[in-house]
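Since the structure is predicted, the reported quantities are computational estimates derived from the model, not experimental observations. Lettering follows sequence order; numbering is per chain, from 1.
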Amino acid sequence: MTVLAEKTYTLLAKVPRGRVTTYKELAMALGTRGYRAIGQIVRNNPYAPRVPCHRVVASDGTIGGFMGHSRGEAIQKKIAMLASEGVHVTGKRINEFPKKLFHFT
DNA sequence: GGAAATATATGAT
DNA sequence: ATCATATATTTCC
């Protein structure tokens with residue numbers, strides 16, 4: 001486990017319910033450019049479900065990935081979970097993404 | 001120890 | 001919109 005992972009989980013846990021964050025925001029807050037690394041870390045998610053990995057989305061408002069695959073039916077499940085928390089998703093993008101997006105800086 | 005793969009982002013074409 | 005490059009971690013050899 002790397003220091004980057006610790007900080008990633010810490011920040012992710014700080015995201016309130018009904019809000020989402022992006023890999024980019026996380027990477028920026030952590031001071032790294034390894035966006036993909038964040039994806040790997042979140043995918044590992046040894047702290048689940050204490051760490052809401054489903055609250056992490058791509059910077060363009062798309063869901064990104066979930067459960068081992070990047071784009072597939074698993075996304076539907078993630079969408080349902082987000083909708084359950086108040087973040088509704090229409091089609092392939094989050095509804096009012098910038099408003100629901102939680103930024104650290 | 002080194003190479004390939006990944007739940008991304010950005011820039012160029 | 002599509003293709004190629006950059007970046008950090010993990011997994012497999």
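Under the 4.0 Å criterion applied to side-chain N and carboxylate O atoms, Glu85(A) and Arg55(A) are assigned as salt-bridge partners.
The nucleotide whose nearest atom lies closest to any side-chain atom of Ala58(A) is, among dA9(B), dA7(B), dT9(C), dA9(B). Side-chain proximity of Cys53(A) to dT8(B), dT10(C), dA7(B): nearest is dA7(B). Comparing dA8(C), dT10(B), dT10(C) against the side chain of Thr32(A) picks out dA8(C) as the nearest. With dT9(C), dA9(B), dA7(B) as the candidates, the nucleotide lying closest to the side chain of Ala37(A) is dT9(C).
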Handout entry: Canonical and wobble pairing (Watson-Crick, G-U, under 3.5 Å) of DNA chain C, dot-bracket with |
Key = ||||||.||||||
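Using a 4.0 Å heavy-atom cutoff across all strands shown, Leu4(A) reaches sugar-phosphate atoms only and no base atom. Among the heavy atoms of the strands lying under 4.0 Å from Arg33(A) are primed sugar atoms or P, OP1, OP2 only; no base atom is included.
In the hydrophobic clustering of this structure, Val42(A) does not group with Met28(A); members are Ile, Leu, Val, Met, Phe, Trp, Tyr whose side-chain heavy atoms approach within less than 4.5 Å, directly or through other members. Met67(A) and Ile38(A) fall into different hydrophobic clusters, defined by Ile, Leu, Val, Met, Phe, Trp and Tyr side-chain heavy atoms under 4.5 Å apart, directly or through other members. Val57(A) and Leu11(A) are members of different hydrophobic clusters when ILVMFWY side chains are connected at heavy-atom separations under 4.5 Å.
No hydrogens or angles were tested; on distance alone, a donor-acceptor pair under 3.5 Å links the side chain of Tyr23(A) to the base of dA7(B).
Atom CG in Asn44(A) sits roughly 11 Å away from atom C1' in dA7(B) (whole-Å rounding). When rounded to the nearest whole Å, the span between CZ of Arg36(A) and P of dT10(B) equals 14 Å. The separation between Ile41(A) atom CD1 and dT8(B) atom C1' is 13 Å, rounded to whole Å. Note: CE (Met81(A)) to P (dA7(B)) measures 16 Å, nearest angstrom. For the pair Tyr9(A) OH and dA8(C) P, the computed distance is 17 Å after rounding to whole Å. The interatomic distance linking Leu30(A) (CG) with dT7(C) (P) rounds to 17 Å, in whole Å. Atom CE in Met28(A) sits about 16 Å away from atom P in dT7(C), given to the nearest Å. Rounded to whole angstrom, the span from the CG atom of Asn45(A) across to the C1' atom of dT6(B) amounts to 16 Å.
Checked against the 6.0 Å centroid threshold, Tyr9(A) and Tyr47(A) count as a close aromatic pair.
Residues Leu26(A) and Tyr35(A) have side chains not in contact (no heavy-atom distance under 4.5 Å, counting atoms from C-beta outward).
A donor-acceptor pair is defined here as one N or O able to donate and one able to accept, closer than 3.5 Å; such a pair exists between the side chain of Thr10(A) and the backbone of Glu6(A).
Projected onto DNA chain B by closest heavy-atom contact, Gln40(A) and Ser59(A) fall at different nucleotides, the more 5' of which corresponds to Gln40(A).
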